[in-house]
Participant: 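I'd like to ask you about the structure that follows.
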Amino acid sequence: MRLKAKEMYNFIRAQTRPYLGSFFLYNGKKVFAWKSKILQRKKSLSRIEFTKKYFYIRCKDKKSVCISEWSYEK
C-alpha cells in the first residue's frame with residue numbers, strides 16, 4: 001500500500017458512518033471498512049489478508065492496519 005499505517009487509519013476514521021465509508025476490493029467484491037486499529041508490526045504477508053473475522057492490510061511503513069468492522073457492498 002502507498003499509505004503509512006497512521007494515514008490509512010485516519011482515512012478510515014474520517015470516512016466512517018454516517019459517511020459512505022472507505023473501501024477496497026477483495027476477491028472482486030467491494031469491502032467497506034468501518035473500524036480499524038494500527039498494529040505495530042506487519043501482520044499481513046500479502047497486501048490484504050482475511051482471517052475468519054478480520055482484514056489485515058500491509059502498509060508502507062511495515063506496519064499493518066486491522067479492519068475489525070467491515071461490510072460487503074449490497
Side-chain angles (χ1 to χ4, degrees):
M1 307 298 329
R2 290 183 252 167
L3 296 176
K4 293 181 180 180
K6 188 169 184 174
E7 295 169 336
M8 184 176 296
Y9 168 78
N10 285 332
F11 183 78
I12 291 168
R13 197 166 54 100
Q15 303 297 317
T16 196
R17 294 178 180 109
Y19 301 106
L20 298 176
S22 59
F23 68 90
F24 57 93
L25 295 178
Y26 184 76
N27 288 340
K29 293 185 179 181
K30 191 185 264 190
V31 179
F32 291 92
W34 300 113
K35 189 173 180 183
S36 66
K37 65 181 177 180
I38 298 172
L39 304 177
Q40 293 303 313
R41 58 190 174 98
K42 183 172 64 173
K43 175 75 175 172
S44 177
L45 299 175
S46 58
R47 286 187 184 180
I48 300 173
E49 192 172 304
F50 179 68
T51 62
K52 290 182 181 181
K53 293 170 67 171
Y54 305 109
F55 281 96
Y56 296 97
I57 301 175
R58 188 180 66 208
C59 298
K60 178 181 178 180
D61 57 359
K62 307 252 190 308
K63 296 177 184 178
S64 291
V65 171
C66 173
I67 309 297
S68 57
E69 190 176 322
W70 51 272
S71 63
Y72 286 113
E73 181 177 49
K74 295 177 184 178

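This one's a predicted model, so the numbers in the text were calculated from it and none came from an experiment.
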Participant: For the atom pair NZ (Lys30) and OG (Ser71), what is the distance rounded to the nearest 0.5 Å?
Facilitator: 11.0 Å

Participant: With hydrophobic residues grouped by side-chain heavy-atom distances under 4.5 Å, do Leu39 and Tyr54 end up in a single group?
Facilitator: yes

Participant: Hey, what do you get for CZ (Arg2) to CD (Glu7), rounding to the nearest 0.5 Å?
Facilitator: 12.0 Å

Participant: Spell out, yes or no, whether Val65 and Phe50 are grouped together once hydrophobic residues are joined by side-chain heavy atoms under 4.5 Å, including indirect joins.
Facilitator: yes

Participant: At their closest point, which heavy atom of Lys60 faces which heavy atom of Lys4, and how far apart are they?
Facilitator: CB-N, 4.2 Å

Participant: Working to the nearest 0.5 angstrom, can you tell me the gap between Cys66 SG and Ile57 CD1?
Facilitator: 9.5 Å

Participant: Within a reach of under 6.0 Å around OH of Tyr19, are more than 12 heavy atoms found that belong to other residues, nucleotides or ligands?
Facilitator: no

Participant: For the pair Asp61 (side chain) and Ala5 (backbone), establish whether a donor and an acceptor sit closer than 3.5 Å, ignoring hydrogens and angles.
Facilitator: yes

Participant: Pick from Val31, Ile12, Thr16: which one makes a side-chain contact (heavy atoms from CB on, under 4.5 Å) with Ser22?
Facilitator: Ile12

Participant: Please give the remaining members of the hydrophobic cluster of Trp34, linking ILVMFWY side chains under 4.5 Å, ordered by chain and number.
Facilitator: Phe23, Phe32

Participant: Between CG of Asn10 and OG of Ser36, what distance do you get to the nearest 0.5 Å?
Facilitator: 8.5 Å

Participant: Gln40 vs Lys63, test: side-chain contact (heavy atoms from CB on, under 4.5 Å). Steps then yes/no.
Facilitator: CA-CA 5 Å; Gln40 293 303 313; Lys63 296 177 184 178; 3.5 Å; yes

Participant: Measure the shortest side-chain to side-chain distance between Ile67 and Lys35 over non-hydrogen atoms and say whether it is less than 4.5 angstrom.
Facilitator: no

Participant: Do Met8 and Phe24 belong together in a cluster built from hydrophobic side chains that touch within less than 4.5 Å?
Facilitator: yes

Participant: Any idea how Phe55 and Tyr26 line up, ring-wise: parallel (<30°), tilted (30 to 60°), or perpendicular (>60°)?
Facilitator: perpendicular

Participant: Does Leu25, at its CG atom, have more than 12 non-hydrogen atoms belonging to other residues, nucleotides or ligands within less than 6.0 Å?
Facilitator: yes

